[in-house]
> 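Please see the structure below; I have some questions.
Reminder, nothing fancy here: chain letters follow the sequence lines and each chain counts from 1. Note that this is a predicted model, so its numbers are computed, not measured.
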Amino acid sequence: MILHICTCKGLIDVPASPDFGSDVTVEVSECLCSKEGRAAVEASLGDDRRLVLAGCTPRILERFFGDIDSEMVNIREQGVFLGKGWDGIETMIRGGIERARAAEPVEKRERKISKKSVLVIGAGVSGLESARWLGEMGHDVVLVEEDPFVGGTVAKLDRLYPEGTPNSHTLYPLVNQVAGNDHIKVMTNTRVENVAGTVGDYRVTLRTSPRGVIECVQCGKCVPVCPESPVDHGVPRKAIFAQETYPDEYAIDFEACTRCGKCVEICPAKIDLDEPAREEEIAVGAIVVATGLRNFPIANLSAYGGGKIDRVMRAIDYERQIAAGIIAPEKVLVVHCAGSRDDNYLPYCSRVCCLIGMKEAKLTKDRFPNAEVYLSYIDMRCYGQFEYLYRTLRDQAGVVFLEGRPSEIFERGDRVVVRTEDIQSGEYLELEVDYVVLATGFEPDRETLAMLGLPSDLDFPYGYTGTTLSPDSNPQGIFLAGAAAFPRGVLESVESAREAAAGAHAVLSKDVVTFRTPVPRIEAEVCASLHCRLCVPTCPYGALSVVDEEMTVDETLCMGCGICSVTCPAGANTLEAWEDEAILAEVEAVADEGSIVAFLCKWSAYNAADRAGYDRLDMPSELRVIRVPCTGRVDATMVAGAFARGARGVLIGGCYPDSCHYRHGNTRAVSRVKLLQRFLSELGVDESRLRLEWFGSNEGQKLVSVVREMSGELASVGV
Amino acid sequence: MEYALFLGCTAPIRGKHYESTARKVCEILGVDVVDVPDFACCGFPLANASAEAAFLMAARNLAAAEEKGVGAMMTLCSSCAASQVHVNREIRSNRKVMDRTNEALAEFGKHYTGSIEVKHLARVLWEDVGVDAIKAKVKRDLSSLKIAAHPGCHYVKPGEVHDCFDDVEDPKTLDELVAATGATPVSYEDKKLCCGGAVLGFEEKTALAMAKQKLDLVKASGADAMVSICPFCSVMYEANQGKIEEAYDVEYGMPVLYYTQLLGLALGVPEKELWFRMNSVKPSEMLAKVVIE
Amino acid sequence: MITERELDKKFGLEVADRYGGEAIRRCFSCGTCAASCPVGRFDSRFNPRRTIRMVLLGMRDQVLKSDFVWLCAGCHTCSERCPQGVHIPDIMTALKNMATEAGYTHPTLAKQIDLLKDFGRVFEVEEYDNKRRVKMGLPELKLRCEEVKIILDKLGVNS
Amino acid sequence: MAKPKVALYWNASCGGCEEAWVDLAEDILKVVEAVDIVLWPVAMDFKRKDIEAMEDGEIAVAFLNGAVRTSEQENWSKLLRRKAGVVIAFGSCAHIGGIPGLANFYSKDEVFDAAYGYLPTVDNPDKVEPQTSTKMPEGELELPKIWDRVCALDQVIDVDVDYYLPGCAPPPDLIMDAVTAILSGELPPKGSVLAPDKSLCDTCDRNESKPEKLQITELKRPHLTFMDPEKCFLAEGVLCMGPATRSGCGERCINANMPCRGCFGPTRDVKDQGAKFLSALASIIDINDDEAMDRVLDSLPDPAGLVYMYSLPTSLLRGRVPEKKREKAKVS
């Protein structure tokens, strides 16, 4: 056994010659994450491949040593940063050593990149930009768009800031470049129905819904005869319509169309109201997701009259209505943070809505110089160049910035009344305006993300980054571009689209990728494969099946969560590197009388513990963290093991519901914990000593509170 | 449907007409009420001095209801509803709270296992009896009446405590109950405005200003009467109406009925038994619009 | 002006440890509560946002001895809308409790405590009431409830 | 050549394991013919001092059944360990703690309170409880001490077990196989359990009826349910420990239409049979609705007693966790 302890440049006090027993060779280094550190680790690897690296968080260490089999002990973030002295750190290292003794190494695996084409989902600016770059690099691109025309949100906007240019300046050159590239196939009216397979060979089912217009000479005669006028983002158009982007053909909005047939009669070319939908399957090596964001539905904001009062509207609807000359406001209030930074709605800041709100104010003043515009805000967040936009507005007559979040908005006659406190003067204020613009935040396109097996994260609309070739997750050729990952302005979206294109290009340029995702090993000798099969339905990915009377793991599907290992009652199924024995060995090494043993999911709660370290929070010293791939991996055996060592409490911490990185590992944990609590109470362990809690990866404070409660430092709630 | 009737402090003394009509409409609509003489204050006013003591007083009432062998409790007052529902919820959702509460109740030999459901009378009428069942029993035509319903705060808030049975930002159930009687609920601004009752003892001027605002808006809506479901709200709008008229030199003459009086009227209860003479603002003009027998 | 020396930095923590007070530190002073408050609309002395700031700053005496601390109507309009889940009415209750414990009990509250101890309710049931009730066909009310007094005495709640 | 000497001893057991020898029927003759039985208290009269007088290792094989919970059982176990070359833990109680191990849900005092106190069949108005020593006219008499915890054989300090013969009681074919192996000297590695290392489902006939996606939404208790003699118990919502239990028993319970209760103990890599089964069970009770989950769990009044029916002493917690810490190490 080789143990490397990193002092992180003297940050961690390591005694002169730390002793971990005669069979452990200890090397202390100043900085493992350096060329020298890597060389030292490589040089120390002899026949004995068992290696323990004690240093910073595995999130960082994995970037340097992900390809070498090792146990990582986080003595920095969760050691010194959480106030542990050498005693505490020594215990942590012992845990790592015991775990390393019991764990089997993760096998290196390979994946062939057999398909060299790429699918781009969504043809807004991000998708167009990604497709353009990939096409120019010579890759075959399939660009699919759900709407009948490309352009996405930007095509619906009036002007784009900070420059204040019309949307066409950004969009048209891009559309032309994409439409003119032979490598790019654009498919409008098309949805991705299903994605199967893995990097290098994704099999994608596409469904193209009817366009109605089969051949088009763009005469436009169909539009005046159409009797239906659906409202598209605040502005009415006909059910048969065109958009000045691409393709240069009309299309029918079948949700609004009543099939009266008037367009068919007048059309000199060909319209078919009964055109069937088509489905096809394509194979690609990588996927770029550029589906953008979803506007937070204002109907949820009942105190603001959202969805009930016509004059209270979304920013995009307002922008289009003034651009189209439908409304002529004299007095407007823009409500910033409408539903954002709010536990009842969106807990996070969507970053761009401050800018959007100011833009609506600017567009109003540009068109109606005499209009009065109020902007109410909690904090005005205008970064970089946008400070200029703020200054321009601030200096204009008739623009008033009001600090304070409105409490309620209601109708009084044909006016809208807003109640707010002007915090700067401390006065209670009632305003009567013509229109209220709600600058709402955004939500991720959960539907597409879920279809791709990508979890959404509560910390941000979407926190999934950089896992593409992470050493212990299945390599994915899936890249997020633009606002699909996080609310972004046009400029940032385009930049991120290029990053995604570069990522996809990197994968497609290889013939083989290697990775180290742990998969369950099945001991055929013990497994009653043909007859037990309990594990099969518990796999979130359908990776388990009985082949030739033997339980078999499809390594291309397995993501390494270990849910099946917990299910196997015979112990025949064990997840590599996260075996029951290995985790139990660590538990037994670190747990002692009065300790709080926390099994923390490496995607969320474990990082919350890191965060607590970075923030130097006052974490009770009794905490012993065991890193697990998912709360769904936590077995009753491990919990019993902790209590058998005298633990005061056991905490299982995972991702919030619907954010599980393994689809539903955390909900499995819910039923396990319930049953376990009853079981433990029979054994004299009070239910409250086993807790399951959800943590965002930033919620260090919440983790501290929960651990403090469990350690008896905080009285629990209730009179 | 059987409920222990929780009278609270105000209704049985200052709102006897509310209590009496509540019992009457319950009888007609098939809601059985059981009296528990052991009920005392719900603890609401005491929370100002000691939240813990208030909690135990509410818990004591729950234990008393349980002792009586009823499964549910119905309150006449909205504040009683809020404190009883809240405490019930805390006890039922947290084992430790239940244990600690019972430890304290044991002092005088009471124990609560968490079996009681608590609802305000109006919620019982809306949820358990239902608007349709009420409509089916209406005997008098009240279609000529315009009624401004005042739902008050604790009938629906905190929303979570009351299982969000009504929309806290746009409470509708009381309007629906008014509509069920055949009368027309009128909409008016600031329907959710608090009556100020809780401030009355501490700063009368402020409390009256709050009540005045509401009376102004109700008056402007053209309503024939206001309807309340809480004796505290009624005290503010009705008993103090004269005081407000005097202080602000205005005149309202706005009758404030308990919903049960209006409902009783619709259900054909003899006028005498509706105790309109106990209302300090006499609803004679309003009654003149209704054909009685 | 108030100098930092006059502030009691533990005040906020004490309130946070009270029932319903845990979330007080989450307040980011957006003013939703103040804009919602029906009392504040008619009495500018009472402003929940400002009260929370005063607590977090540590202005113990200025809060507990104040007249505004008694003005919260407990209507929950603010807490229903608070974006950070601060239980404002519970915090105001905690402050009133702390004021009571510190001996600044409001006279009205003192009167209510006496009534509760004597009768178990905040109104005395007079003989007239029961007579009247019987006349109206309503059951008689119990005149006292000793158990309420036991609770109050046990917890040391005194006027 | 002298016949190998064999000792058979019983600790805390019901006697069923002794009957298992008799159940060998005519095969017992082969055994008796091949070996020289030097100790078998249930059948013949032997004295402790005779065993004590033997050389260490003189006995070839000692079969010990029953759990250990008294000082006497502990002493005998240690003695036989010294005298025997091979020690075999015979039957569930010696192997994993067995039914007597359920006493670990309670303290010794609670067990005494029940056994000599409040149980309806006990008539003991003076509350007489066993004493470790009693003065009689003839002198002072000693009774064995009862320990606080029931142990499996290998949990007794200084008692290394060479092999385990599982089952309550071990089935004749496994006994015969073990005896044959010993006599022929073809023994598996030390520490082995002398039964197949697969879960019971492997040989269970009812598997045909098991659905591809087994999900439990309702739990039924055997005595309150009609159980189809053809169908997988789990698929019917009746808890069966089969998946968490080593095979080799010949499905005696299952053939009698009763679900498995785990007497053979777990397969080799499982440290805690009950906890492991519980994890599996929770995975197949896949209900997200809290209330529905509670309802299902309410129909399982004693989960720990069920999953640890045979293995409580060898579970990680070993029994009920006492209010204050008690001895953790092996019985000394």
> Which heavy atom of B:M278 sits nearest to which heavy atom of C:R132, and what is that distance?
SD-NH2, 3.7 Å
> With a 4.5 angstrom heavy-atom cut-off, which part of C:C145 approaches chain B: side chain, backbone, both or neither?
side chain
> With only heavy atoms counted, which part of B:N48 is less than 4.5 Å from chain C, the side chain, the backbone, both or neither?
both
> With a 4.5 angstrom heavy-atom cut-off, which part of B:D190 approaches chain C: side chain, backbone, both or neither?
side chain
> Looking at every heavy atom in both B:E19 and C:P139, which two are closest together, and how far apart are they?
OE2-CD, 4.3 Å
> Which region of C:E124, side chain (C-beta onward) or backbone (N, CA, C, O), has a non-hydrogen atom less than 4.5 Å from a non-hydrogen atom of chain B, or is it both or neither?
backbone
> Given a strict heavy-atom distance threshold of 4.5 Å, which part of C:V69 is in contact with chain B: side chain, backbone, both, or neither?
neither
> Work out which heavy atom in B:K16 is nearest to a heavy atom in C:L138; give both atom names and the distance.
O-CD1, 3.9 Å
> Is B:E273 close to chain C through its backbone or its side chain, or both, or neither, when contacts mean heavy atoms under 4.5 Å?
neither
> If you measure from NZ on C:K142 to CZ on B:F39, what distance do you get to the nearest 0.5 Å?
11.5 Å
> Can you classify the ring geometry of C:W70 versus B:F202 as parallel (below 30°), tilted (30 to 60°) or perpendicular (above 60°)?
parallel
> Step through the shown structure and confirm whether more than 12 heavy atoms of other residues, nucleotides or ligands are within 6.0 Å of CZ on B:R89.
yes
> Check each atom of C:R18 against the heavy atoms of chain B and say whether the ones under 4.5 Å are side chain, backbone, both or neither.
neither
> Can you see whether C:T77 engages B:K192 through a side-chain donor-acceptor pair at a distance of less than 3.5 angstrom?
no
> Is the CZ atom of C:R25 crowded by more than 12 outside heavy atoms at less than 6.0 Å?
no
> Looking at chain C, which one of B:E160, B:K205, B:H86 has the largest number of heavy-atom pairs inside 4.5 Å, strictly under?
B:H86
> Do C:L152 and B:L46 have side-chain heavy atoms sitting under 4.5 Å apart?
yes
> Answer yes or no: is there a donor N or O on one side and an acceptor on the other, between the side chain of B:H154 and the main chain of C:H76, under 3.5 Å?
no
> What I'd like to find out is whether the side chain of B:K212 reaches to under 4.5 Å of the side chain of C:F42, using heavy atoms alone.
no
> Against chain C, label B:K110 side chain, backbone, both or neither, depending on which of its atoms sit under 4.5 Å from a heavy atom there.
side chain
> What are the two closest heavy atoms between B:L193 and C:P38, and how far apart are they?
CD1-CB, 3.6 Å
> So which residue, B:C153, B:A207, B:G197, ends up with the most heavy-atom pairs under 4.5 Å with chain C?
B:C153
> Looking only at heavy atoms and a cut-off of under 4.5 Å, which of C:N158, C:V122, C:N130, C:D129 has the most pairs with chain B?
C:D129
> What part of B:T10 gets within 4.5 angstrom of chain C, counting heavy atoms only: side chain, backbone, both, or neither?
both
> Is the count of non-hydrogen atoms from other residues, nucleotides or ligands lying under 6.0 Å from B:Y18 atom OH greater than 12?
yes
> If I compare all heavy atoms of C:V157 with all of B:A49, which pair ends up nearest, and what's the gap?
CG1-CB, 4.1 Å
> Measuring heavy-atom distances to chain B, does C:E80 have an atom under 4.5 Å in its side chain, in its backbone, in both, or in neither?
side chain
> Tell me the closest heavy-atom pair linking B:A47 and C:T93, and the distance in Å.
O-CG2, 3.3 Å
> Does some side-chain heavy atom of C:R41 sit less than 4.5 Å from a side-chain heavy atom of B:M210?
no
> Quick one: pull up CG in C:L71 and CD in B:E203 and give me the separation to the nearest 0.5 Å.
6.0 Å
> Anything in residues 96-121 of chain C with a heavy-atom distance to chain B below 4.5 Å? Please list those residues in order.
C:K96, C:N97, C:T100, C:H106, C:T108, C:L109, C:Q112, C:I113, C:L116, C:G120, C:R121
> Determine which residues belonging to residues 102-109 of chain B lie within contact range of chain C, meaning some heavy atom pair is under 4.5 Å apart, and list them by number or answer 'none'.
B:E107, B:F108
> Measure B:L56 against the heavy atoms of chain C and call it side chain, backbone, both or neither at under 4.5 Å.
both
> Determine whether C:R45 and B:T206 make a side-chain contact, defined as any pair of heavy atoms from C-beta on separated by less than 4.5 Å.
yes
> Report yes if the side chains of C:I150 and B:R60 come closer than 4.5 Å at any heavy-atom pair, otherwise no.
no
